[in-house]
Amino acid sequence: MGVTLDLTRAPAQPVAPVKPNLCGLTRGELAAALVAAEVVRPDKVKMRAGQLWRWIHHYGVTDFAAMTDVAKETRALLAGAFSLARPEIVERQVSRDGTRKWLIRMAPGIEVETVYIPDVGRAGALCVSSQVGCTLNCTFCHTGTQALVRNLTAAEIVAQVQVARDDLGEWPSPKADRRLSNIVFMGMGEPLYNLDHVAAAIDVIADNEGISISRRRITVSTSGVAPELEALGARTQAMLAISLHATNDALREVLVPLNKKYPIAELVAGIRAYPGLSNARRVTFEYVMLKGVNDSPAEARALVQLLRGIPSKINLIPFNPWPDTVYECSEWKTIEAFAAILNRAGYASPIRTPRGRDILAACGQLKSESEKVRASARRKTAAPVET
Ligand code: SAH
Ligand code: SF4
């Protein structure tokens, strides 16, 4: 088969080469990048990489010129070879309740949402995404109706924290009185299907000469990828959250189809073996309250039974509705009755107040609506189709 070259098209505009960005690299990658670009000699790299690390992750600088203890010539070399730029913020919204949501463009067509929720955790929690879309399709989750676009890189996960820190004015990393004290991997995507990048991002975020958010304040939520739990604990020492939502396999298979692959017994065995599990480091079980589906007193008792002996906390999540969903949120009094049974069994205040619903930042609402609005906006501005 012959190949024909089309020489009639105008040559493409010259595009400036994209400089590698240093902001999301692990310590090892940072050192390797400096040596490979011949900006730093191998015998000097440990010292230089440590210096840059503090500027990037403790001071949050986005310009090499700010690195005042680095020689001017070296700064120029660095600026010629690398970038410290943040990704583009496409949209920023602030809820009546103080919740902030950013739509961040990591690359063309790669957009994720990140949500900051004040007064959660020690001071405030950042809900980060690990994937664009999700391969799983939990029937109550709007993100699950969207195909997976791709995994986020470690740098793209770290960038979400940096963007939030920029907005909250939290550079250099404060030792006390932080507004962003906790990280939860509860945004879009299944973190255990992107464990390599999630683990590398946690290494950067937890580093105590940088952003310095302790691993005990970082929670990874999974829909139940049982075989990856041990690796998650061993590699990240993060806190574990499990999206349980049902106490028997028949119902869980409907709500979280992944349960067909990893049924409850296998999941619970994996949780019991989670490295570092103790009364001081409990598993959080998330349980979405769906009217007439999983909210009976009998199910509350079954939940207590199922979790017996596992150091755990329970979070009841009022269902956040989305267009065309078949589910409804349980009545408030039903949720309270359910919570009362858990309280009597020793689990304190488990109802999660929905946050940021007015800006579609609540659990299970992420990304979808922005895409929809943006798609219709695109249609509006598109040229009319000729008939
Ligand atoms: N994929 C991971 C992490 C992201 S989802 C996981 O499933 O655990 C974060 C939490 O929001 C999960 O517990 C999920 O079950 C819950 N959730 C999803 N859709 C929801 C909705 N419409 N209302 C309330 N919670 C929802
Ligand atoms: Fe994916 Fe989690 Fe939504 Fe399930 S609940 S579809 S795993 S994001």
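Atom set for the values below is all heavy atoms of this structure, side chains included, hydrogens, waters and symmetry mates excluded. When a ligand or atom number is given, it counts from 1 through the structure's own listing order.
Under a 4.0 Å N-O distance rule, the pair R215/D203 qualifies as a salt bridge. Note on E91 versus R105: no salt bridge recorded, every NZ/NE/NH1/NH2 to OD/OE distance being 4.0 Å or above. Taking the charged nitrogens against the carboxylate oxygens, E170 and R178 have no contact shorter than 4.0 Å, which rules out a salt bridge. Between R54 and E209, no side-chain nitrogen of the basic residue sits less than 4.0 Å from a carboxylate oxygen of the acidic one, so the salt-bridge criterion is not met. In this structure, K101 pairs ionically with E113, as a charged nitrogen and a carboxylate oxygen lie closer than 4.0 Å.
Within a 4.0 Å radius of atom 4 (Fe) of ligand 2, the protein has at least one heavy atom.
Close contacts between ligand 1 and I317 involve ligand atoms 24 (C), 25 (N) [criterion: under 4.0 Å to a heavy atom]. The distance from ligand 1 to the heavy atoms of H245 drops below 4.0 Å at these ligand atoms: 13 (O), 14 (C), 15 (O). Residue W322 has at least one heavy-atom neighbour below 4.0 Å for each of these atoms of ligand 1: 22 (N). Numbered from 1 in the order shown, with element, the atoms of ligand 1 that lie under 4.0 Å from a heavy atom of C141 read 18 (C), 19 (N). Ligand 1 places these atoms under 4.0 Å from at least one heavy atom of G187: 4 (C). Close contacts between ligand 1 and E190 involve ligand atoms 1 (N), 2 (C) [criterion: under 4.0 Å to a heavy atom]. Residue contact check: N320 has heavy atoms under 4.0 Å from atoms 21 (C), 22 (N), 23 (N), 24 (C) of ligand 1.
The proximity of V288 to ligand 1, defined as any non-hydrogen pair under 4.0 Å, is limited to the side chain. In T222, the part holding a heavy atom less than 4.0 Å from any atom of ligand 1 is the backbone.
Close N/O approach between H142 and ligand 1 is not found [any backbone or side-chain N/O within under 3.5 Å]. Taking only nitrogen or oxygen atoms, main chain and side chain alike, F185 does not reach within less than 3.5 Å of ligand 1. Some N or O of F140 is nearer than 3.5 Å to an N or O of ligand 1, by distance alone.
The shortest separation from a heavy atom of G189 to ligand 1 is under 4.0 Å, placing the residue in contact.
Side chain of S129 to backbone of M188: a donor-acceptor contact under 3.5 angstrom is found.
No donor-acceptor contact under 3.5 angstrom links the side chains of E190 and S130, judged on distance only. Q131 and N151 form a side-chain donor-acceptor contact under 3.5 Å, judged by distance and modelled atom types alone. With no hydrogens or angles considered, a side-chain donor-acceptor pair links R165 and S173 at under 3.5 Å. With no hydrogens or angles considered, no side-chain donor-acceptor pair links Q51 and W55 at under 3.5 Å.
Take a cut-off of 2.8 Å around atom 1 (Fe) of ligand 2: the protein N, O or S atoms inside it are C134 SG.
Counting all heavy atoms, side chain and backbone alike, H197 lies closest to A154 at O-CB, 3.5 Å.
In summary, the aromatic rings of Y287 and F338 are positioned with their centroids under 6.0 Å apart.
Atom OG1 of residue T114 and atom CD1 of residue I104 lie 3.5 Å apart, to the nearest 0.5 angstrom.
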